[in-house]
Amino acid sequence: NIPAVLTSDVLDNVINVFLSFQQISHNTPATYKRALRQFFGWVNRTGRVIGELTRADVLSFIREMESAELSPNTINSYLTAIRRFYAFTDLYGVFPNIAKEIKGARTNATSEHEKSDFTTTQAGDILTATQETGNKRDIAIMELMFRCGLRTIEVVRADIRDVELVGDVYTLKVHGKGDKFRRVPMTPKAWAALNDYLTTERKGAKDNEPLFTSNAHQCKGGRLATASVSRMAKKNIRAVGINDAKHTAHSCRHTALGAILEYSDDPAALTNAQILAGHSNPETTMVYVKQAATRRFMQNGPNLILDKLF
């Protein structure tokens with residue numbers, strides 16, 4: 001029997017039973033677990049009843065993910081987990097398969113890298129706008145994305161114990177794509193913002209707790225969702241007058257990596273940016289080099305001289 005509202009413990013038990021019956025690769029269980037936690041967390045937050053969910057509810061969840069501007073790949077990973085979960089519950093007569101034949105989002109292999117970055121002035125304005133909200137959690141998150149190049153999923157996966165002093169630099173152990181881990185140095189400004197959050201709003205929190213927690217009534221104290229980070233970032237981006245589909249939370253990461261490659265004098269800038277970003281292939285990091293070159297071309301176009309000539 002599954003209760004109408006899933007507590008964290010019950011949810012984990014339900015998901016673990018489902019996963020125990022699946023023939024999937026080594027890394028997939030963690031992906032499915034994250035996706036189903038997101039979905040059922042949303043179900044609880046929106047006041048829906050587990051046993052009364054319909055196809056329309058799954059579609060509403062997908063629309064919310066789209067409105068939060070999650071990538072098609074992320075949305076489809078959620079949907080795959082939901083489809084398989086409900087196929088399993090239907091097989092054993094628990095819940096009907098409400099996710100059957102729901103189509104996934106259209107994917108574009110380069111969509112993530114087509115997000116626009118910000119100029120350094122715009123980045124500063126966005127950080128200032130976030131600081132003016134007085135929300136220490138959001139300030140810390142935006143600082144980490146802009147100054148450490150974190151993805152939204154990397155922000156929400158972090159635990160308090162992942163913060164570590166290495167030498168005289170505070171660092172963050174980052175859980176990246178493909179369940180790969182890397183340790184990222186925090187800039188003084190990023191650490192100052194995170195430390196302010198931890199020593200005030202998270203004072204006394206345990207090491208195994210999430211680094212960033214939700215303030216929403218239904219899931220207060222639980223791990224923050226990627227959709228919440230995306231919405232928060234978009235709100236602060238709009239606050240400075242930027243409101244288009246290509247400027248999202250992921251643009252903060254693009255800005256960090258692009259600025260390193262554009263303004264650093266270090267001969268190893270490309271390698272360092274690759275390590276910071278967690279890219280296994282340097283060709284992926286080269287995308288940011290090309291974007292920086294394109295921006296310089298647009299801002300200092302060779303045709304500007306023509307306005308002086310005639």
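- Using modelled atom types, one side-chain atom of N76 and one backbone atom of P72 make a donor-acceptor pair closer than 3.5 Å.
- Ring centers of Y197 and F212: under 6.0 Å apart, within the cut-off.
- E52 places no side-chain N or O within donor-acceptor distance of the main-chain N or O of R48, the cut-off being under 3.5 Å.
- For T121, the side-chain contact (heavy atoms from CB on, under 4.5 Å) partners are T119, D125, not counting sequence neighbours.
- For the pair S251 (side chain) and T248 (backbone), a donor-acceptor distance under 3.5 Å is present.
- Connectivity analysis of hydrophobic side chains (ILVMFWY, heavy atoms under 4.5 Å, direct or indirect) links V169 to nothing; its cluster partners are none.
- No donor-acceptor distance shorter than 3.5 angstrom exists from the side chain of K180 to the backbone of H279, with no hydrogens or angles considered.
- Side chain of T46 to backbone of W42: a donor-acceptor contact under 3.5 angstrom is found.
- Using bins of under 30°, 30° to 60° and over 60° for the plane-to-plane angle, the ring pair Y86/F95 lands in the tilted bin.
- Taking a 4.5 Å side-chain heavy-atom cut-off between Ile, Leu, Val, Met, Phe, Trp and Tyr, the cluster of I305 extends to L306, L309, F310.
- With hydrogens and angles disregarded, no donor-acceptor distance shorter than 3.5 Å links the side chain of Q274 to the backbone of T285.
- Between F88 and F21, the ring center distance clears the sub-6.0 Å criterion.
- Between the side chain of N272 and the backbone N or O of A268 there is at least one donor-acceptor pair closer than 3.5 Å.
- Listed by chain and number, the hydrophobic cluster partners of I139 come to none, as no ILVMFWY side chain reaches under 4.5 Å of it.
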Ignoring hydrogens and angles, write down the donor-acceptor pairs under 3.5 Å from the side chains of residues 154-162, residues two or more places apart or on other chains.
from	atom 1	to	atom 2	distance (Å)
E154	OE1	R151	N	2.9
E154	OE1	R182	NH2	3.1
E154	OE2	R151	NH1	2.5
E154	OE2	R182	NH1	2.9
E154	OE2	R182	NH2	3.3
R157	NH1	H175	O	3.2
R157	NH1	G176	O	2.7
D159	OD1	R223	NH1	3.1
D159	OD1	R223	NH2	2.7
D162	OD2	D159	N	2.8

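- Counting only residues at least two apart or in different chains, side chain to side chain donor-acceptor pair (under 3.5 Å) contacts with residues 90-105 are absent.
- Remark: the backbone N or O of N135 is not paired with any side-chain donor or acceptor of D138 at under 3.5 angstrom.
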